[in-house]
Amino acid sequence: QVQLQESGPGLVKPSQTLSLTCTVSGGSITTNYYYWSWIRQPPGKGLEWMGAIAYSGSTYYSPSLKSRTSISRDTSKNQFTLQLSSVTPEDTAVYYCARDDTGWGLDYWGQGTQVTVSS
């Protein structure tokens, strides 16, 4: 069974960089043809897809966040990471990592982790 788990600090100061890691077990992040995504949900709002890294290492980003977002991976640890720079309180949200099974959808999700941007 594929499992994903987010980790990282729950509190980030404004203007700093938010960094989260997703650890994947039960499946390889290099397996064709899966994509590994970050999604967030601000309080009282809907889900927002942020970006993804493909099995090949190619990255894709939401246009609204592309300038501030970087997704990378460590294949030896079967992990992928999210970096969101220049954060503001509006970036406060529950952050999820998830697998995208191309042609089907987001089939496996982490439990989510709360990140608060505050001084």
Side-chain angles (χ1 to χ4, degrees):
Q1 183 81 180
V2 174
Q3 294 188 134
L4 298 87
Q5 185 172 127
E6 304 90 348
S7 62
L11 182 64
V12 183
K13 294 181 178 180
S15 82
Q16 295 186 337
T17 296
L18 181 160
S19 297
L20 296 173
T21 296
C22 184
T23 300
V24 179
S25 61
S28 173
I29 61 173
T30 63
T31 297
N32 297 190
Y33 296 97
Y34 299 122
Y35 291 69
W36 305 89
S37 293
W38 288 100
I39 306 98
R40 68 179 183 179
Q41 185 170 36
K45 299 182 180 179
L47 296 168
E48 179 184 22
W49 180 81
M50 302 181 70
I53 187 163
Y55 58 94
S56 63
S58 297
T59 53
Y60 307 86
Y61 301 104
S62 168
S64 64
L65 296 170
K66 186 174 183 177
S67 65
R68 298 194 292 134
T69 306
S70 179
I71 298 173
S72 58
R73 67 180 183 175
D74 184 338
T75 58
S76 69
K77 296 180 179 179
N78 213 37
Q79 296 177 330
F80 62 105
T81 61
L82 169 72
Q83 293 189 305
L84 182 67
S85 65
S86 304
V87 299
T88 73
E90 286 66 50
D91 292 310
T92 295
V94 176
Y95 285 75
Y96 300 91
C97 56
R99 186 180 79 171
D100 184 350
D101 185 353
T102 52
W104 197 93
L106 299 165
D107 57 353
Y108 289 94
W109 293 64
Q111 65 185 13
T113 187
Q114 172 71 44
V115 179
T116 299
V117 179
S118 176
S119 60

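For this chain, numbers begin at 1 and follow the sequence in order.
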Considering all heavy atoms, the nearest [X]-[Y] contact:
{"X": "Tyr96", "Y": "Gly112", "result": "CD2-CA, 3.5 Å"}
{"X": "Ser19", "Y": "Pro9", "result": "O-CD, 3.6 Å"}
{"X": "Trp38", "Y": "Glu6", "result": "CZ3-CG, 4.0 Å"}
{"X": "Asn78", "Y": "Val24", "result": "ND2-O, 2.8 Å"}
{"X": "Gln79", "Y": "Thr23", "result": "NE2-OG1, 3.0 Å"}
{"X": "Gly8", "Y": "Leu20", "result": "CA-CD2, 3.9 Å"}

Main-chain N/O of [Y] paired with [X] side-chain donor or acceptor, under 3.5 Å:
{"X": "Trp36", "Y": "Ile29", "result": "yes"}
{"X": "Thr69", "Y": "Leu65", "result": "yes"}
{"X": "Thr81", "Y": "Thr21", "result": "no"}
{"X": "Gln5", "Y": "Gln111", "result": "no"}

List the steps and the verdict of side-chain contact (heavy atoms from CB on, under 4.5 Å) for Met50 and Ser62.
CA-CA 5 Å; Met50 302 181 70; Ser62 168; 5.5 Å; no
Passes side-chain contact (heavy atoms from CB on, under 4.5 Å), Lys13 versus Val87? Steps please.
CA-CA 8 Å; Lys13 294 181 178 180; Val87 299; over 6 Å; no
Once you round to the nearest 0.5 Å, how far does [atom1] of [X] lie from [atom2] of [Y]?
{"X": "Leu11", "Y": "Ser119", "atom1": "CG", "atom2": "OG", "value": "9.0 Å"}
{"X": "Ile53", "Y": "Arg73", "atom1": "CD1", "atom2": "CZ", "value": "5.0 Å"}
{"X": "Ile71", "Y": "Ser37", "atom1": "CD1", "atom2": "OG", "value": "7.0 Å"}
{"X": "Thr88", "Y": "Gln16", "atom1": "OG1", "atom2": "CD", "value": "13.0 Å"}
{"X": "Cys97", "Y": "Ile39", "atom1": "SG", "atom2": "CD1", "value": "8.0 Å"}
{"X": "Gln114", "Y": "Gln41", "atom1": "CD", "atom2": "CD", "value": "10.5 Å"}

Does any pair with a residue in residues 47-69 pass ring-ring contact (aromatic ring centres under 6.0 Å, His included), and if so which ones, sequence neighbours excluded?
Tyr33-Tyr55, Tyr35-Tyr55, Tyr35-Tyr60
Taking the side chain as every heavy atom from C-beta outward, state whether Asp74 and Phe80 have any atom pair closer than 4.5 Å.
no
Check: Glu48 and Ser64 side chains under 4.5 Å, non-hydrogen atoms:
yes
List the steps, then state whether side-chain contact (heavy atoms from CB on, under 4.5 Å) holds for Leu18 with Val115.
CA-CA 8 Å; Leu18 181 160; Val115 179; 3.3 Å; yes
Any chance the side chains of Ser118 and Thr116 put a donor and an acceptor closer than 3.5 Å?
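Judged by distance alone, the side chains do not pair up.
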Give a yes or no on whether Val94 and Leu47 share a hydrophobic cluster (residues Ile, Leu, Val, Met, Phe, Trp, Tyr; joining criterion: side-chain heavy atoms under 4.5 Å apart).
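Yes, it is one cluster - the side chains of Val94 and Leu47 are joined through contacts under 4.5 Å.
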Does the structure place the NZ or CZ of Arg99 under 6.0 Å from the centre of the six-membered ring of Tyr34, at an angle of no more than 45° from the ring's axis?
yes
